[in-house]
Amino acid sequence: MSLIVQKFGGSSVANAERVMNVARIITDTYKNGNNVVVVVSAQGDTTDDLIEKAKEINPNASKREMDMLLTAGEQISISLLAMAIESLGYPVISLLGWQAGFFTNSSYGMARIHEVKTERLERELDQKKIVIVAGFQGLNKYEDLTTLGRGGSDTSAVAIAAALHADRCQIFTDVTGVFTADPRKVENAQKLSDITYDEMLEFATLGAQVLNNRSVEMAKKYNVELEVLSSMVREKGTIVREVANMEKMLIRGVTKDTDVARISVVGMKDIPGNAFKMFSRLAQKKINIDVILQSVGRDGTKDISFTCAKNCADDAVAILEDIFSMEGAVVSSDTTVAKISIVGAGMQSHSGTASKMFGALYEAGINISMISTSEITISVLIDKELADKAVSAVHKAFFG
Ligand code: ADP
Ligand code: ASP
Ligand code: MG
């Protein structure tokens with residue numbers, strides 16, 4: 001007998017028909033003699049709708065109250081799914097995050113899982129019940145509800161799989177696997193049969209939202225093999241694991257991230273310590289910095305630009321104005337940019353990957369304003385309006 005963890009995203013349980021469809025996938029798995037723990041997200045756009053509701057009342061609501069509100073979305077979907085499974089005649093119980101043993105730190109809105117206490121889960125499984133757990137939520141030391149950040153249900157599923165040493169962790173979604181680009185945006189995107197944790201982590205971090213990046217990080221840490229597959233089309237998905245077939249593919253995929261702001265400080269003094277001052281103050285405020293560009297100094301001044309998440313832009317500008325406006329430097333932020341990236345371990349052993357990417361952008365008439373590279377990624381910053389065109393052009397250059 002195997003223990004299988006199955007996670008269903010919001011679109012997979014968006015309405016009554018889809019909830020019944022998911023109930024059948026789960027009960028088929030159970031019928032085949034498996035123990036099943038299921039993690040579900042809130043239905044459809046529920047989480048976005050709840051955020052909008054909150055904004056109508058208080059756009060500056062505290063993060064604690066936001067978490068109190070947002071956890072309600074998953075409470076609805078777990079109970080409805082359990083009712084659907086009851087209607088099919090199977091033993092089932094739904095549990096909120098805290099009931100399933102999810103304990104987190106106190107970073108409301110972005111909590112980290114400290115521990116999954118598995119006693120309750122094990123007790124229910126011993127009684128041969130299908131266990132349905134609310135994704136994306138836990139409890140902190142003050143006994144307050146917390147959420148794990150957008151897309152956090154993937155992480156809940158991996159955490160349960162790791163804690164229970166599950167045999168399989170399946171992430172069901174609305175596409176049939178991980179593709180070389182977003183299959184909804186790029187016509188001839190190809191499904192990958194497998195991908196490594198490291199590649200998937202970069203892919204997710206750089207914008208491929210099909211898996212939450214923290215879930216991939218956790219899967220790698222605890223060696224949980226993931227399968228990404230469709231809840232609507234029954235076919236083999238994509239496996240995420242330590243070692244993957246290269247399939248002669250130099251790169252695995254192309255992705256875009258539009259949640260980017262470029263911050264520039266123009267005309268700061270060209271003296272030692274300024275970059276340190278700048279980035280240490282930003283780090284103190286927990287602002288994550290990505291691509292960094294420094295100009296060649298001239299006339300005793302220099303410019304530094306970097307990118308960060310859009311919701312950090314205002315804080316970053318305030319901090320930098322505080323440091324540099326005294327010396328006459330001008331700080332600005334620009335949110336009309338997007339980051340386009342290619343990901344793949346294969347590029348380590350090949351020269352010419354960067355030139356192929358830049359060539360494709362040149363032919364599409366797209367200007368690059370910043371570039372950054374790592375062992376398995378190349379990212380460029382471009383005009384946001386051209387992001388989809390850029391992804392298609394780069395995808396075509398590598399995948400035809
Ligand atoms: P869920 O609600 O199941 O968590 P998400 O919306 O978070 O689903 O993720 C699935 C979506 O990710 C797909 O509908 C697809 O448009 C998008 N996506 C972006 N990049 C990729 C990619 N490279 N491969 C597959 N899907 C991708
Ligand atoms: N419902 C949450 C969200 O929309 C968590 C998730 O879907 O994974 O972000
Ligand atoms: Mg998701």
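Along the sequence shown, the residues carry numbers beginning at 1. Start at 1 and go down the list; that is how both ligands and their atoms are numbered. Atom set for the values below is all heavy atoms of this structure, side chains included, hydrogens, waters and symmetry mates excluded.
- Note: no N/O pair closer than 3.5 Å links Gly207 and ligand 1 by distance alone.
- Under a 4.0 Å N-O distance rule, the pair Asp257/Lys310 does not qualify as a salt bridge.
- Taking hydrophobic clusters as Ile, Leu, Val, Met, Phe, Trp and Tyr residues chained together by side-chain heavy-atom distances below 4.5 Å, Val175 does not share a cluster with Phe172.
- Ligand 1 has no nitrogen or oxygen under 3.5 angstrom from a nitrogen or oxygen of Ser12.
- Between Lys191 and Glu235 there is a salt bridge, with a side-chain nitrogen of the basic residue lying less than 4.0 Å from a carboxylate oxygen of the acidic one.
- Under the salt bridge (Lys or Arg N to Asp or Glu O under 4.0 Å) test applied with Asp48, the options Lys53, Lys55, Arg150 reduce to a single match, Arg150.
- Residue Lys236 places its NZ atom among 12 or fewer non-hydrogen atoms of other residues, nucleotides or ligands, all under 6.0 Å distant.
- Contact atoms of ligand 1 toward Asp174: 10 (C), 11 (C), 13 (C), 14 (O) (distance under 4.0 Å to a heavy atom of the residue).
- Taking every non-hydrogen atom of Pro183 and a distance limit under 4.0 Å, the qualifying atoms of ligand 1 come out as 24 (N), 25 (C), 26 (N), 27 (C).
- With ligand atoms numbered from 1 in the order given, ligand 1 contributes 1 (P), 2 (O), 3 (O), 4 (O) to contacts under 4.0 Å with heavy atoms of Gly9.
- Hydrophobic clustering places Ile304 together with Ile263 (ILVMFWY residues linked when any side-chain heavy atoms are closer than 4.5 Å, directly or through intermediates).
- Using a 4.0 angstrom heavy-atom cutoff, Gly152 counts as in contact with ligand 2.
- Those atoms of ligand 2 with a heavy atom of Ser153 less than 4.0 angstrom away are 5 (C), 6 (C), 8 (O).
- Using a distance-only test at 3.5 Å, with no hydrogens or angles considered, no donor-acceptor pair links the side chain of Lys302 to the main chain of Gln294.
- Protein heavy atom at the shortest distance from atom 21 (C) of ligand 1 is Asp182 CA, 3.6 Å.
- Side chain of Ser107 to main chain of Met110: no donor-acceptor pair is present (N/O by atom type, distance under 3.5 Å, no hydrogens or angles).
- For atom 6 (O) of ligand 1, the nearest protein heavy atom (residue, atom name, distance) is Gln209 NE2, 3.3 Å.
- Interface of Val178 with ligand 1, defined as ligand atoms under 4.0 Å from a residue heavy atom, comprises 24 (N).
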For Asn35 and Tyr30, run side chain to side chain donor-acceptor pair (under 3.5 Å): C-alpha distance rounded to whole Å, both residues' side-chain angles, the deciding distance at 0.1 Å, then the answer.
CA-CA 6 Å; Asn35 280 321; Tyr30 180 85; over 6 Å; no
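- Counting heavy atoms under 4.0 Å from ligand 1, residue Phe203 touches it through the side chain alone.
- The distance criterion of under 3.5 Å between nitrogen or oxygen atoms is met by Phe179 with respect to ligand 1.
- Heavy atoms of Gly135 come nearer than 4.0 angstrom to ligand 2 in no pair at all.
- Heavy-atom separations between Gly151 and ligand 1 are all 4.0 Å or longer.
- Atom 8 (O) of ligand 1 has Thr173 OG1, 3.1 Å as its closest protein atom, hydrogens excluded (heavy atom only).
- The single protein non-hydrogen atom nearest to atom 7 (O) of ligand 2 is Ser41 OG, 3.2 Å, given as residue, atom name and distance.
- For atom 25 (C) of ligand 1, the closest heavy atom belonging to the protein is Gly177 O, 3.3 Å.
- Within 6.0 Å of CD on Gln75 lie no more than 12 heavy atoms contributed by other residues, nucleotides or ligands.
- A salt bridge links Asp322 with Arg281; the closest basic N to acidic carboxylate O contact falls under 4.0 Å.
- The shortest N or O to N or O distance between Lys7 and ligand 2 is not under 3.5 Å.
- Without hydrogens or angle criteria, Gln6 side chain to Cys169 main chain gives no donor-acceptor distance under 3.5 Å.
- If you number the atoms of ligand 2 from 1 as listed, the ones under 4.0 Å from a heavy atom of Gly151 come out as 3 (C), 5 (C), 6 (C), 8 (O), 9 (O).
- Defined by atom type and a distance below 3.5 Å, a donor-acceptor pair is present between the side-chain atoms of Thr146 and Thr104.
- Under the 30°/60° scheme for interplanar angles, the aromatic rings of Phe279 and Phe306 are found to stand perpendicular.
- Not a single heavy atom of Gly253 sits less than 4.0 Å from an atom of ligand 1.
- Here Ala189 has no heavy atoms under 4.0 Å from ligand 1, in either its backbone or its side chain.
- Among all non-hydrogen protein atoms, the one lying nearest atom 3 (C) of ligand 2 is Arg150 NE, 3.3 Å.
- For atom 2 (O) of ligand 1, the closest heavy atom belonging to the protein is Gly10 N, 3.3 Å.
- The protein heavy-atom contact nearest to atom 4 (O) of ligand 1 is Lys7 NZ, 3.1 Å.
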